[in-house]
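Remarks on the structure that follows.
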Number of protein chains: 2
Amino acid sequence: MLTKKAYYAFQALTHLVERYNEGPVLISEISEERKIPLKFLENILLHLKNTGILDSKKGKGGGYFLKAHPSETRIAKVFRLIDGPIAMLPCVSLYFYQRCENCNEKFCGLHDILVEVRDATLAIMENRTLADLVAKDRNPVAGLVPPKM
Amino acid sequence: MLTKKAYYAFQALTHLVERYNEGPVLISEISEERKIPLKFLENILLHLKNTGILDSKKGKGGGYFLKAHPSETRIAKVFRLIDGPIAMLPCVSLYFYQRCENCNEKFCGLHDILVEVRDATLAIMENRTLADLVAKDRNPVAGLVPPKM
DNA sequence: AAAAAGTCTACTCGTTTGGTAGGGTAGTTA
DNA sequence: TAACTACCCTACCAAACGAGTAGACTTTTT
């Protein structure tokens with residue numbers, strides 16, 4: 001399951017996608033409209049800034065905004081930044097791999113199954129971006145020129 | 001990520017699949033060969049018995065054994081029994097559904113993405129059984145007559 | 001200078017995870 | 001009946017994690 005932290009992160013990002021190209025958005029605005037505890041949200045947004053997803057501006061008229069076009073940030077990346085591994089076992093993870101002590105991957109049926117699950121999950125999460133977070137029938141970024149990828 | 005409890009459960013079940021049709025297996029045997037703490041394993045096996053996956057026999061020559069043919073127990077079921085929901089949010093879960101407070105599922109892009117992830121995961125976990133836990137090239141139950149399903 | 005905003009450190013507090021220790025009970029078999 | 005084995009219970013523990021909270025600090029704008 002997603003942690004609340006990740007859930008909040010996605011809510012905040014959804015908000016920022018909807019306000020894309022409207023300049024910096026206040027933490028307090030996101031906090032109130034999305035009902036996310038202010039100080040908790042502060043941490044989350046800062047983290048997303050330090051890892052390159054967001055950028056910010058201080059002082060009056062400041063706030064947070066997306067660093068890149070929504071379609072450039074993959075859901076999988078955000079997930080990994082907040083909640084860590086996507087795979088269900090360390091021995092199946094691409095980014096957080098750790099060998100199994102008690103079992104040999106070559107003969108472990110569970111390993112094979114969880115590799116399949118990982119691949120199926122990644123096939124989706126690596127191909128969805130922040131732009132997909134907003135409802136399709138009122139997607140404000142749908143008409144924007146997609147960036148070169 | 002899987003909890004250790006679930007990981008141990010799958011290891012124990014793998015062991016019991018390999019010993020299928022050889023009569024009851026001692027907790028202590030599984031504990032030693034799979035390096036699972038004895039008392040912890042006791043709980044896990046008991047739980048799996050109470051939920052209909054395993055059966056047991058007391059006294060000399062007793063132990064645990066699979067209640068049904070390995071190919072009759074789906075991986076998804078075991079997972080849910082030990083670790084709970086497979087979905088990444090309660091509002092996306094089939095067996096543990098809970099409505100989202102802060103978002104409307106109809107307009108929530110995250111919801112749509114996680115439904116896809118859930119379906120892709122279940123497509124695998126509902127179609128793999130305990131029989132798939134043992135390595136293919138030495139699968140001792142491969143030759144057994146599959147039960148009517 | 002003053003106000004507006006993000007930045008940063010640290011702390012709290014409850015729950016879950018992953019155990020350990022030890023007992024007594026009740027079926028089963030030899 | 002004795003030995004064996006699962007069953008079931010209580011209690012305890014340490015560490016990590018989850019979900020925040022508090023307060024001071026820094027930077028930018030007006």
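Residue numbering restarts at 1 for every chain, and letters A, B, ... go by the order of the sequence lines.
For residues 41-60 of chain A, no residue pair satisfies the ring pair (Phe, Tyr, Trp, His ring centres under 6.0 Å) rule, not counting sequence neighbours. Pairs passing the side chain to side chain donor-acceptor pair (under 3.5 Å) check and including a residue from residues 52-61 of chain B, sequence neighbours excluded, read B/Lys49-B/Ser56.
When the side-chain contact (heavy atoms from CB on, under 4.5 Å) test is applied to B/Glu42, the partners found at least two apart in sequence or on another chain are B/Ile27, B/Lys39. Checked against side chain to side chain donor-acceptor pair (under 3.5 Å), A/Arg128 has the following partners two or more places apart in sequence or in another chain: B/Glu116. With sequence neighbours excluded, no residue satisfies side chain to side chain donor-acceptor pair (under 3.5 Å) with B/Tyr95. Take B/Thr121 and apply the side chain to side chain donor-acceptor pair (under 3.5 Å) test, not counting sequence neighbours, and it matches no residue. Scanning for side chain to side chain donor-acceptor pair (under 3.5 Å) contacts around B/Glu126 gives B/Arg80, with sequence neighbours left out.
Between B/Ile27 atom CD1 and D/dC4 atom P the separation is 16 Å, expressed in whole Å. Atom CG of A/Leu46 is separated from atom P of D/dT26 by 16 Å (rounded to the nearest Å). In this structure, A/Ile36 places its CD1 atom 16 Å from C1' of D/dT21, rounding to the nearest Å. As rounded to whole Å, 14 Å separates atom P of C/dG6 from atom CD1 of A/Ile44. Atom CG of A/Leu26 and atom C1' of C/dA3 are 13 Å apart (whole Å). Computed from coordinates, the A/Glu29 CD to C/dA5 P distance equals 11 Å when rounded to whole Å. As rounded to whole Å, 11 Å separates atom P of C/dG18 from atom CE of B/Met1. Rounded to whole Å, atom P of C/dT16 lies 17 Å from atom CD1 of B/Ile82.
A salt bridge links A/Glu18 with A/Arg34: the distance from a Lys NZ or Arg NE/NH1/NH2 to an Asp or Glu carboxylate oxygen falls below 4.0 Å.
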Pairs under 3.5 angstrom, nitrogen or oxygen only, protein versus nucleotides 15-19 of chain D, please.
from, atom 1, to, atom 2, distance (Å)
D/dA19, OP2, A/Lys4, N, 3.0

Under-3.5 Å N/O pairs linking protein and nucleotides 23-30 of chain C:
from, atom 1, to, atom 2, distance (Å)
C/dG23, O6, B/Lys39, NZ, 3.3
C/dG27, N2, B/Gly59, N, 3.0
C/dT28, O4', B/Lys58, O, 3.4
C/dT29, OP1, B/Lys57, NZ, 2.6

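Applying the side-chain contact (heavy atoms from CB on, under 4.5 Å) test between B/Leu130 and each of B/Thr14, B/Leu16, B/Thr73 identifies B/Thr73 as the sole match.
Among the protein residues, A/Leu45 comes within range of no part of the nucleic acid, since none of its heavy atoms lies under 4.0 Å from any strand.
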